[in-house]
Novice: 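If you scroll down you'll find the structure; I have some questions about it.
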Amino acid sequence: MITLNVNGESHQLDVSPEMPLLWAIRDKLNLTGTKFGCGHAMCGACVVHLDGEAARSCSIMVGEAAGKKITTIEGISGPVAEAVTHAWQSLDVVQCGYCQSGQIMSAIVLLNENKNPTDEDINLGMEGNICRCGTYLRIRRAIHQAAKALA
Amino acid sequence: MRVNLATLPFFDFSRREFLKGAAATAGAFVLGAYIPFSREAFAQEQGPAKGPYDPNLFLKIETDNSVTLISKHFEMGQGVTTGLATLVAEELDADWSAMRFAFAPNEPAVYNNLVFGPVMGTGGSTSMAESWEQARKVGAAARMMFVAAAAAKWNVPASAIKIEMGVISNGSGHRATFGELAADAMKTPVPTEVVLKPSQQWQLIGTRVPRLDSKGKTTGTAVFAGDIRRPGMLTAVVKRPEQFGAKPVSFDASEAKKIAGVVDVVQISRGVAVLGTDTWAAMRGCDALKVTWDASAAEKRSTSEILAEYRQLAGQPGLVAPGRGDAAAGMARAAKS
Amino acid sequence: MANRNLYRTNQRLGARPGLLIVLLIVLGTGGAVWGQTQSAGAGDSLAAWGKIVTVLQHPRCLNCHQLNSPLQEDGRRIHIPHVVRGADSHGVGPMRCGNCHNDRNNLTSRTPGAPEWSLAPVSMLWQGLSSGDLCRVLIDPVRNGKRSPEALVEHMSSPLVLWGWNPGPGLEPVPIPHAEFINLMKVWVAGGTACPK
């Protein structure tokens, strides 16, 4: 039995410790906001927060995530999360939306670490979140807008 | 009919060089689909309805005053649900912030794509064009039904009723929201004739409104196909061949079935599906599956071989779509930058 | 590395077989005394280095001994997605090494892993160094994390270094088994950490 703390709640799951955290979240807890994109830590659709740090849930095993504070897109809170989500909505960043959970999760970590990121900081920080619809310019604008709102 | 390029919303390209040979070349540009009507012509369009516009089929108005568009078109990020809702909200005089959307159930007869139906379908840039009249009629009909319900309830003539931003009033004391009158309004007979707003009165059409799907897609609540959950549901992951067109001949599932969570293994026409109680089990089942493929009809050419064939084809004359004017001559005359 | 030395030497000697045979004998006897580290001399040390350097210059070591961005796989292409060193050599923001790499290889996602997965310190940049220069960098306490030669040997068994011998599926193993490599390190140290020119 593995105990996972997700969005503040404890869950006992009868799963192998090698199961990728992504599938525990999506299939066992039915929290489907976190997406499967590539399964190889290359696209960023699966990003969650582990003790406040970005983590690619397709590449983290539940055994390693046990005992840590897991936060998914459904459970984000606080001023940074609010500023990011609000900026995303006010600028109509999304198109198909599939990548956006991961984008938002990464953006929150970026702004937690860097209150006033430059374009280059955003490039490097968001490098691992790809968007087939090409919403990159709006993502960048939204991160700047969120940073300003938090200042 | 001469196409007035300025009115076409579909594309934005530089006409300078292309139209240097104007008269001869303008007709040579071919679009997949275009609608040669001016904006004004659309506004007054009042032919027989092409498709039902009963608001009960296309709207759901709740007691919290939210107006949900039942969208027959699929939102893939292209913004169609926002677009259709704009058409409805315009004619209905709804408050944009009260608009929502939901996808229509599987009923092709009702939710038919009026361009390439009878089928429910979204594609070919047809949605806004084929719903243009229908969606506005839905909004206009619903508005008339609210007016009729209010007039009956307050015992005033219909001409006295005003609707603005989702609020119905008669200018002298009586006031109600959509939510309050919805039950009565939706029972009123659907008008057989509707009058659409002239373009000069448009408040929403032609402006930028916030997308309706933004909220769901920024909170993880928007449902994608892989997010659907049903009681007792299994997840299938398909093992596919390494060559396009190869077919499965036989498979050995003995190792796959040993994996906890793998329920069954089924051969389908183009692969072998592993069914599991969760995705990871099905994926591992696929990895443990041994399949024998028949590659006799498979695509065996390499990338470079295919490219070489393309180059050869590109040197030959292509298919002629509708031809007008003399493209070759126009291209020869056009300035090169 | 040993092969390259032979080749150059051969050129200088104008293919004089006599001297070539002498060199081969030296290398051969160097191999025979691997077990006798206490009595290793400078010649043995140099010979051992000739083998050690083939490991240190193996793709998997060099991939993380880079200035700002790691490389990936035996083919040494740029790391996808693009990641950078950051202030603590562990990446930046949501692109920190540990965000994708665990402390062991992940066979499902094919991400390699080891404890403290990260870029080597800038002082340990080895890319492009000759065998001799790499040797001198390795024994310089200013650039090798203040390690004595004995500590260097220990370092070669630390978890992250050990990963080189357990890279996961699809990657070439390091040419020399780890136990042999440690022995070579001991011979090299015992003989005075000799470096070629």
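Remember, it's a predicted structure, so these values are computed and weren't measured experimentally. In what follows, chains carry the letters A, B, and so on, assigned in the order in which the sequence lines appear, proteins first and then strands, with residues in each chain numbered from 1.
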Novice: Could you pull out the closest heavy-atom pair between S59(A) and N102(C), with the gap in Å?
Specialist: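 S59(A) and N102(C) have their closest heavy atoms at O-ND2, 2.5 Å.
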Novice: Check whether any side-chain heavy atom of M61(A) sits under 4.5 Å from a side-chain heavy atom of N106(C), and report yes or no.
Specialist: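 Yes - at least one pair of side-chain heavy atoms lies under 4.5 Å apart.
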Novice: Take atom NZ of K115(A) as the centre, draw a 6.0 Å sphere, and report whether it contains more than 12 heavy atoms from other residues, nucleotides or ligands.
Specialist: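 Yes, enclosed.
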Novice: Go through C43(A), G125(A), A41(A), A107(A) and name the one with the most non-hydrogen pairs under 4.5 angstrom from chain C.
Specialist: G125(A)
Novice: What heavy-atom pair brings M42(A) and P81(C) nearest, and what distance separates the two atoms?
Specialist: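 Looks like CA-CD, 4.2 Å.
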Novice: If you count heavy atoms of other groups shown closer than 6.0 angstrom to CD1 of I78(C), is the number above 12?
Specialist: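 No - once you tally the heavy atoms of other residues, nucleotides and ligands closer than 6.0 Å, there are 12 at most.
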Novice: Taking atom NE2 as the centre, does H86(A) end up with more than 12 heavy-atom neighbours from other residues, nucleotides or ligands that are less than 6.0 angstrom away?
Specialist: no
Novice: Just checking R132(A): does its CZ atom have more than 12 heavy atoms from other residues, nucleotides or ligands closer to it than 6.0 angstrom?
Specialist: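 Counting neighbours around CZ of R132(A), 12 or fewer heavy atoms of other residues, nucleotides or ligands fall under 6.0 Å, so no.
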Novice: Nearest 0.5 angstrom please: R104(C) CZ to E64(A) CD, how far?
Specialist: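 Between R104(C) CZ and E64(A) CD, I get 5.0 Å after rounding to 0.5 Å.
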Novice: Among V47(A), I60(A), L50(A), L111(A), which residue forms the greatest number of heavy-atom pairs with chain C at distances under 4.5 Å?
Specialist: I60(A)
Novice: Counting heavy atoms not belonging to R110(C), are there more than 12 under 6.0 Å from its CZ?
Specialist: no
Novice: Should we say atom CD of Q127(C) is surrounded by more than 12 heavy atoms from elsewhere, each under 6.0 Å from it?
Specialist: yes
Novice: Could you tell me if the side chain of H82(C) sits less than 4.5 Å from the side chain of L124(A), heavy atoms only?
Specialist: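 In contact.
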Novice: Rounded to the nearest 0.5 Å, what separates atom OG in S109(C) from atom NE2 in H40(A)?
Specialist: 7.5 Å
Novice: Is there side-chain contact between N99(C) and E53(A), with at least one heavy-atom pair below 4.5 Å?
Specialist: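 Yes, their side chains come closer than 4.5 Å.
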Novice: Nearest 0.5 Å please: distance from the CE atom of M19(A) over to the OG1 atom of T108(C).
Specialist: 10.0 Å
